[in-house]
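Have a look at the structure below, then the notes.
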Protein chains: 2
Amino acid sequence: MNRSPEAARELRRAYLFADMAEEHLNALFQTAHDIHLNAGDALFRQGQPAERFFFLRDGMVKLFRLSPEGDEKIIEIMQPGQTFAEAVMFMGTHGRYPVNAEAVNESRLYAIEQKSFLNLLRESSDACFGLLGSMSRRLHMLVNQIESLTLQNATYRLVAYLLEQIPRDVKTSPEVQLTTPKGVIASRLAIQPETLSRILAKLRQGGLIDVHGNHITVRDVQALRNLVHLPPVE
Amino acid sequence: MNRSPEAARELRRAYLFADMAEEHLNALFQTAHDIHLNAGDALFRQGQPAERFFFLRDGMVKLFRLSPEGDEKIIEIMQPGQTFAEAVMFMGTHGRYPVNAEAVNESRLYAIEQKSFLNLLRESSDACFGLLGSMSRRLHMLVNQIESLTLQNATYRLVAYLLEQIPRDVKTSPEVQLTTPKGVIASRLAIQPETLSRILAKLRQGGLIDVHGNHITVRDVQALRNLVHLPPVE
DNA sequence: CGATGGCATTGACCTTGGTCAACCGCCCCC
DNA sequence: GGGGGCGGTTGACCAAGGTCAATGCCATCG
């Protein structure tokens, strides 16, 4: 595939590639494949041999596990600019994807061959460090998730999720536009859709938020922060 | 500290060091410190600046989070021959430990300076690969834990834990010696000690196991495997 | 030897969140 | 315009597991 080096810059949005040498990034990019998914399309299934990993250009992809009964738990919702499944390469010989991946919205991705990436890692310790950084961030994220699943209740998890959706620099009464169907958020938080509804209703009745479909107006940030034991914002 | 190179071999038990060049391992080992902990001693606290990571020689160390109310959730129970807190080095500048670490039993460890390890990683891509392997194993373990916390109930988690304790090659009615107090196991499985007791009693009444204090005799492996949807052992 | 304290067990009760079912609003499509 | 399907909401009920309290069981120690 013939690709412009400028387009490789797009990859720099990912932590994994942020500090990678220009030449390495270009070389890697030459072997990348374009992927287009419609909403609901599967990208890979748990247990399949993992020969490539992915950079999400736009759209949204969910990573999830299924129970034998068919219940779904979303481990992570990937956002544009993020990479995923890079870690699988190191799961012994011939790793397999440990989760399922499916597009939530229409999505465009680059698929990168693990073989070429492995070659690169052998040569460039900077690339190694980029990957180590990516993986330790994900590790930390999973530990946080385990903590909130075990030590906190459903209301806590939902409120924490809402607060995460508020951009850092907002001071005024913040608006949150839910970017995924509520059912997806429920699965990410490991609660049932009905429970999500009820918690939102409770927060609404308490005057903490307003809900209009996907759009939530936070009326009392302070109260929400208290609920999750966060210090008041100065 | 003056150390015999032979003793460095001890470190090879850890995946992280298994394939590392002899010279590198020795160099790293020269800067290692001995640590001795009594049962209940803290090794580090969540939030402390992380300047070293650890190799557990013997004993047992728990890694855990605390809720604001003081409830404890054990993320991982470290066994002799394992390393932990290696990943923290890559959490941006001056990482901090994301969990607490405390000895369950009397323990001996080596503490390894992250600085010397970082230097080594820059020089040796083999060392990098060892670390990447360690981290992806831990990543996988955490995903499994999230799955069983959200998609499975308490009985499932306990049975899965018991089956994990059975050595691979045992065919006859297997004996499980619990190596930690039941309260520790309960926290690892995210259940209350009372619930652990009750589930064991239920399994006992069902004729699946015998319980004598810390010692559990599995009377019906097949039935237990069915409970956690594992295929029958051939 | 009895006292103390930590761990485990058991029972009674309660709370959270899941389950099941009905229903609404909306969009799409025939 | 009517029907159907999907996502979300609401209500009634239920159950798994948490909470609280009493008790037992050792092991340790004075």
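Numbers restart at 1 for each chain; the letters A, B, ... are given by sequence-line order, proteins then strands.
Annotation: side chain to side chain donor-acceptor pair (under 3.5 Å) contacts of B/Gln145 (sequence neighbours excluded): B/Lys73. Remark: A/Arg96 pairs with no residue by the salt bridge (Lys or Arg N to Asp or Glu O under 4.0 Å) rule, at least two apart or across chains. Checked against side chain to side chain donor-acceptor pair (under 3.5 Å), A/Gln79 has no partners two or more places apart in sequence or in another chain. Every residue meeting the side chain to side chain donor-acceptor pair (under 3.5 Å) condition with A/Glu10, not counting sequence neighbours, appears here in chain and number order: A/Arg57, A/Tyr110. Legend: residues meeting ring pair (Phe, Tyr, Trp, His ring centres under 6.0 Å) with A/Tyr156, ordered by chain and number and at least two apart, are A/His229. Applying the ring pair (Phe, Tyr, Trp, His ring centres under 6.0 Å) test to B/Tyr97 and every residue at least two apart in sequence or in another chain returns B/Phe44.
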If you look only at distance, which donor and acceptor atoms sit under 3.5 Å apart when one is on a side chain in residues 192-212 of chain A and the other is two or more places apart or in another chain?
unit_1   : atom_1 : unit_2   : atom_2 : d
A/Lys202 : NZ     : A/Thr155 : OG1    : 3.0

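Of all nucleotides in DNA chain D, those with any atom nearer than 4.0 Å to a heavy atom of chain B start and finish, going 5' to 3', at D/dG17 to D/dC20.
Contacts classified as ring pair (Phe, Tyr, Trp, His ring centres under 6.0 Å) and involving residues 55-86 of chain B (residues at least two apart or in different chains) are given here: B/Phe54-B/Phe84. Residue pairs meeting the salt bridge (charged side-chain N to carboxylate O under 4.0 Å, His left out) criterion with at least one member in residues 138-162 of chain A, sequence neighbours excluded: A/Glu76-A/Arg138, A/Glu86-A/Arg138, A/Glu147-B/Arg65.
Rounded to 10°, the angle separating the first-five-pair axis and the last-five-pair axis of the helix from C/dC1-D/dG30 to C/dC30-D/dG1 equals 20°.
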Along nucleotides 8-24 of chain C, 5' to 3', which nucleotides get a B, which get an S, and which get a -, given that the test is a protein heavy-atom distance under 4.0 Å?
-> SBBBB----SSBB----

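A distance of 8.0 Å separates CD of A/Gln114 from CD of A/Glu51, quoted to the nearest 0.5 Å.
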